[in-house]
Structure formats: C-alpha cells, structure tokens
Amino acid sequence: IKAVTITKEEWIEAARAAGDHHYAAKHAWGIKTEDDPDALGRLQFPVAYAQELWPHCQKWEIDPYLVLAIMRQESIYNPDALSHTGAIGLMQFIKGTGAKVSALLNEPFFSPHGLYNPSVNLRYAVYYIRLLNDRFGGNFPIAVASYNGGPHHMSRAHRDTFGSLPLDAFVEMIIREEPRDYVKKVVGFYQRYVELYGPEGARVILPERLTYDDPSVVNF
C-alpha cells in the first residue's frame, strides 16, 4: 500500500542505488529534462555489466557500446529475462544457438540455465556477434539484423541486389518486419551510447552498402 505513493524519481533512485540497471532504465524511459539531459541519458542507457562485458569485447574486438545497444533492445538489461520463444537472459540467447556457440568455444558442458549468468550470456553473445560481423565483412548493421533474424534470412534478402543498393535501401527491403525495425532501433541506441560516453563529437559511421557475405563463417 505504501509503495503506490512512491514517485517515479524515487523508484529510479532506489533502482540506481541497488545497481538494478533494468528498473532504473525502465523508470527513466520517456522522461525528459532540460537541466542535465546527459545525466538522464546515462540512466536510460547505462553501461551495464561492464565488468563482465569489457573483457569479451576486447578479446573479440567488438565495440561494447554496440553490445549494450543490443542488450537494451533485447532485455532492457535484465539478466533474468525469458521470452515467450525461450530466449534467455541479457542478450536473449536461444538455447539452440547457445549450444552451437558453446561447441565452437570448446565448452562441451552447455546448460541453458547457464545463460542466466551474465558472464556466460555475454561471452556467447559477443562471440556470436563477432562471427556475424565477420560473415558480412564488418557490416555491423547487417550483423545486428542477423542477430535478430538469422544470417540466412539476410542472405536471402540480398540475393538479387548484392552490392548494388545503399545500406538504408537494403534495410528497407528486408522482408520480415521484425529484423527490419530491430536494426533501426539498435543502431539508434548505438549512436546514443556513443554520444553519451564517446569522445566529443563522436558518431556512428554506417557502411555504404553490403558487399561481402561468407556463409562458411557462421550460418545459424
């Protein structure tokens, strides 16, 4: 009964003090301020699970702000998230994908429950993002779309237009609405992370078009 009188600002402060990025971001979402917009932005886009995330990003040379942008879209930084399709944890990993990544990493004792562990979830996700990025020659927006919709669907989408369309036009031609909208949101979140935490004037540079696709790197 007392909880209903707690203001949104108090919920934000409580969640932030507890290190709960999920609820801090959820309560801060949609709020606007002119006093200190960057401080509010850092609540909405926190550097969540940095201790677990940064070593994996350094090892596989993936920008952690890109991973955080995907994490925001996938789970809003909730390590306990479970979707109706069975996607688990921070990066919403499907157990089948997790088992395949585990095998590639020579970790034979895979358990779906382990995906609730932020370190395991992020290790698998960052490695998988690296594979997708390599498959598409460093074209990270297509790697992001593939993370959501599968790399084979991206290949099918470019079957008749490979290398000929500007990237934004290609994204609009992705047949399935979910990965099409997903990549737009994630790239927008990525830009916001770079604005908040990157050097002055930093921005995300998008590749001009998709010119490389090697299914032998990863095809799941």
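Only a predicted model underlies this, so the values are computations on that prediction, with no experimental measurement involved.
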So with a 6.0 Å cut-off around OH of Tyr197, is the heavy-atom count from everything else above 12? yes

Do other residues, nucleotides or ligands put more than 12 heavy atoms under 6.0 Å from Glu10 CD?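 Counting other residues, nucleotides and ligands, CD of Glu10 exceeds 12 neighbours.
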
Would you sort out whether Leu68 and Tyr190 count as a side-chain contact (heavy atoms from CB on, under 4.5 Å), showing the intermediate values? CA-CA 8 Å; Leu68 285 164; Tyr190 184 22; over 6 Å; no

Can you list the residues that meet the ring-ring contact (aromatic ring centres under 6.0 Å, His included) rule with Tyr116, with sequence neighbours excluded?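 With sequence neighbours excluded, Tyr116 shows a ring-ring contact (aromatic ring centres under 6.0 Å, His included) to His113, given in chain and number order.
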
Residues two or more places apart in sequence or in another chain: which of them pass ring-ring contact (aromatic ring centres under 6.0 Å, His included) with Phe170?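 For Phe170 there are no ring-ring contact (aromatic ring centres under 6.0 Å, His included) partners, ignoring immediate neighbours.
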
pair Val183-Pro179: side-chain heavy atoms closer than 4.5 Å: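 With C-beta onward as the side chain, the pair stays apart.
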
With side chains defined as the heavy atoms from C-beta onward, is the minimum distance between Asp214 and Phe136 less than 4.5 Å?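 A side-chain contact is absent here, since even the closest heavy-atom pair is not under 4.5 Å.
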
Drop me the distance from [X]'s [atom1] to [Y]'s [atom2], to the nearest 0.5 angstrom.
{"X": "Met154", "Y": "His158", "atom1": "CE", "atom2": "NE2", "value": "9.5 Å"}
{"X": "Asn78", "Y": "Leu90", "atom1": "CG", "atom2": "CG", "value": "7.5 Å"}
{"X": "Arg123", "Y": "Phe93", "atom1": "CZ", "atom2": "CZ", "value": "11.0 Å"}
{"X": "Tyr77", "Y": "Phe45", "atom1": "OH", "atom2": "CZ", "value": "6.0 Å"}
{"X": "Leu131", "Y": "Tyr147", "atom1": "CG", "atom2": "OH", "value": "12.0 Å"}
{"X": "Glu13", "Y": "Thr7", "atom1": "CD", "atom2": "OG1", "value": "10.0 Å"}

Determine which pairs satisfy side-chain hydrogen bond (donor to acceptor under 3.5 Å, both in side chains) with at least one residue from [range], sequence neighbours left out, and list them in order.
{"range": "residues 31-43", "result": "none"}
{"range": "residues 47-60", "result": "none"}
{"range": "residues 64-74", "result": "Glu74-Tyr182"}
{"range": "residues 132-142", "result": "Arg130-Asp134, Arg135-Ser155, Arg135-Asp213, Arg135-Asn219"}

Without hydrogens or angle criteria, can the side chains of Ser119 and Asn117 be said to hold a donor-acceptor pair below 3.5 Å?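 Absent: no donor and acceptor within the cut-off.
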
Run the salt bridge (charged side-chain N to carboxylate O under 4.0 Å, His left out) check on Lys184 and Glu172 step by step: do they pass? CA-CA 10 Å; Lys184 295 176 187 177; Glu172 293 298 336; 2.8 Å; yes

Please lay out, stage by stage, how Met91 and Leu122 fare under the test side-chain contact (heavy atoms from CB on, under 4.5 Å). CA-CA 7 Å; Met91 302 296 287; Leu122 289 170; 3.8 Å; yes

Just checking Phe220 against Tyr128, ring centres under 6.0 Å apart? yes

Taking all non-hydrogen atoms of both residues, which atom of Gly163 and which atom of Thr211 are closest, and how far apart? CA-CG2, 4.4 Å

What verdict does the side-chain contact (heavy atoms from CB on, under 4.5 Å) test give for Leu167 and Ile142, after you've listed the backbone C-alpha separation in whole Å, the side-chain angles of each residue and the deciding distance to 0.1 Å? CA-CA 9 Å; Leu167 185 66; Ile142 304 306; 3.8 Å; yes

Decide side-chain contact (heavy atoms from CB on, under 4.5 Å) for Leu66 and Val144; before the verdict, give the C-alpha distance in whole Å, the side-chain angles of both, and the deciding distance to 0.1 Å. CA-CA 9 Å; Leu66 175 61; Val144 166; 3.9 Å; yes

